[in-house]
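Note that the structure is predicted; figures quoted are calculated from it, not measured. All ligand and atom numbering here is 1-based and tracks the order in the structure. Numbers here simply count residues along the sequence, with the first being 1.
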Amino acid sequence: MSLTGKTAVVTGAAMGIGRAVTELLLQHGAKVALLDVNETAGKSLVEVLDKLYGRERTLFLSCDVESEEQIKAAFLKAAETFGGIDILFNNAGVLNEDRWERTVSINLMGVIRGSYAALEHMSKLSGGRGGVIINTSSLAGLGPLPSCPVYTATKHAVVGFTRAMAAASVASGYGVRFNALCPGFVQTDLFSAIESNLGRFAHLAAATQQLAEHFGLVGMCDVAEAALDMVTDETKNGEVFLVSPKRKEYVNFPSFVQ
Ligand code: NAD
């Protein structure tokens with residue numbers, strides 16, 4: 001499906017999964033605002049992307065998702081530059097059990113800040129066109145990663161927030177779909193640095209390594225394709241896509257309301 005004419009905002013776009021999703025969105029015709037706290041990586045990526053896709057299709061905006069002010073300013077700039085926002089990929093994240101309050105602030109509160117700021121531009125109740133918000137959770141959003149209790153908590157919370165926002169959006173008439181992406185282990189800087197960021201759980205580093213070996217590494221392309229599926233399939237709202245080497249599937253949750 002073509003995304004020509006659509007505008008996307010991607011947080012944590014300079015590297016890793018955010019970068020892969022950004023490139024796939026551009027390949028499908030979207031314009032993309034790349035938000036990241038790492039200005040050097042973000043600007044040099046945009047230079048590369050401009051040559052491939054054209055200068056008018058990308059925009060780098062320095063933005064720390066810990067700051068509501070910076071998020072609001074970046075989303076406004078993206079909407080003004082491209083004429084609205086149709087797609088948000090709330091992806092910026094860290095794994096740091098030592099600086100756990102910052103982990104909560106980025107992984108969970110950053111997703112909430114991003115979603116609420118995006119609704120100001122996307123919700124049909126505030127003059128937007130509607131659209132879709134994809135939040136990056138993790139395999140650790142569906143089951144425990146013993147060496148990373150706070151990271152696990154943030155990623156479970158992202159799943160819960162996404163599903164509740166999907167239902168709230170339908171009930172309120174926002175016209176915005178909400179879905180969550182749950183990748184297994186992916187070879188990125190975050191993954192490479194896990195062992196040095198376990199804080200009081202550093203003694204569980206070997207067990208984490210064994211878990212990663214047990215699950216295997218999921219390919220970046222598979223993760224980006226899963227995100228794209230949730231963007232383009234307009235029947236998907238409140239869905240959670242698990243992407244691991246052995247399983248690529250939407251997750252079934254128990255139904256509490258008959
Ligand atoms: P990464 O470290 O390669 O990239 C993360 C990007 O987010 C970087 O560009 C970084 O500068 C940016 N970022 C970090 N803090 C930020 C902030 N406060 N504001 C704005 N940008 C910020 O990591 P990744 O593995 O690509 O992770 C992306 C997302 O995927 C995260 O939410 C992570 O939790 C999740 N995830 C990763 C894995 C994995 O194994 N790599 C697995 C499941 C889920």
For this session: Consider ligand 1: state whether an atom of it lies below 4.0 angstrom from any non-hydrogen atom of Ala41.
Result: no
For this session: Taking only heavy atoms of Asp64 into account, list the atoms of ligand 1 that are under 4.0 Å away from them.
Result: 17 (C), 18 (N), 19 (N)
Exercise. Between Asn107 and ligand 1, is there a nitrogen or oxygen pair with a distance under 3.5 Å?
Worked result: no
For this session: Could you tell me if any non-hydrogen atom of Ser137 lies under 4.0 Å from any atom of ligand 1?
Result: yes
Problem set entry | For Phe185, atoms of ligand 1 separated by under 4.0 Å from a heavy atom | 40 (O)
Problem set entry | Lys6, NZ atom: more than 12 neighbouring heavy atoms under 6.0 Å | no
For this session: Could you tell me if any non-hydrogen atom of Gln187 lies under 4.0 Å from any atom of ligand 1?
Result: no
For this session: May I ask whether Thr11 places a heavy atom under 4.0 Å from ligand 1?
Result: no
Exercise. Is the shortest side-chain N to carboxylate O distance from Arg102 to Glu66 below 4.0 Å?
Worked result: yes
Exercise. To which of Val243, Ile194, Leu190 does the heavy atom nearest atom 27 (O) of ligand 1 belong?
Worked result: Leu190
Exercise. Should Asp86 and Arg129 be marked as a salt bridge (Lys or Arg N to Asp or Glu O under 4.0 Å) after you check the CA-CA gap, both sets of side-chain angles, and the distance that decides it?
Worked result: CA-CA 7 Å; Asp86 305 287; Arg129 298 188 287 262; 2.9 Å; yes
Problem set entry | Which segment of Ala140 sits under 4.0 Å of ligand 1 when only heavy atoms are counted | neither
Exercise. Are any of the side-chain nitrogens in Glu68 or Lys72 under 4.0 Å away from the carboxylate oxygens of its partner?
Worked result: yes
For this session: Decide whether a cation-pi geometry holds between Arg163 and Phe178; the criteria are a distance under 6.0 Å from NZ or CZ to the six-membered ring centre and an angle within 45° of the ring axis.
Result: no
Exercise. Can you find an N/O atom of Val94 closer than 3.5 Å to an N/O atom of ligand 1?
Worked result: no
Exercise. Hey, is ligand 1 close enough to Ala13 that some N/O pair sits below 3.5 Å?
Worked result: no
Seminar exercise, completed: Min over Leu145, Leu35, Asp36, Asn91 of heavy-atom distance to atom 32 (O) of ligand 1 lands on Asn91
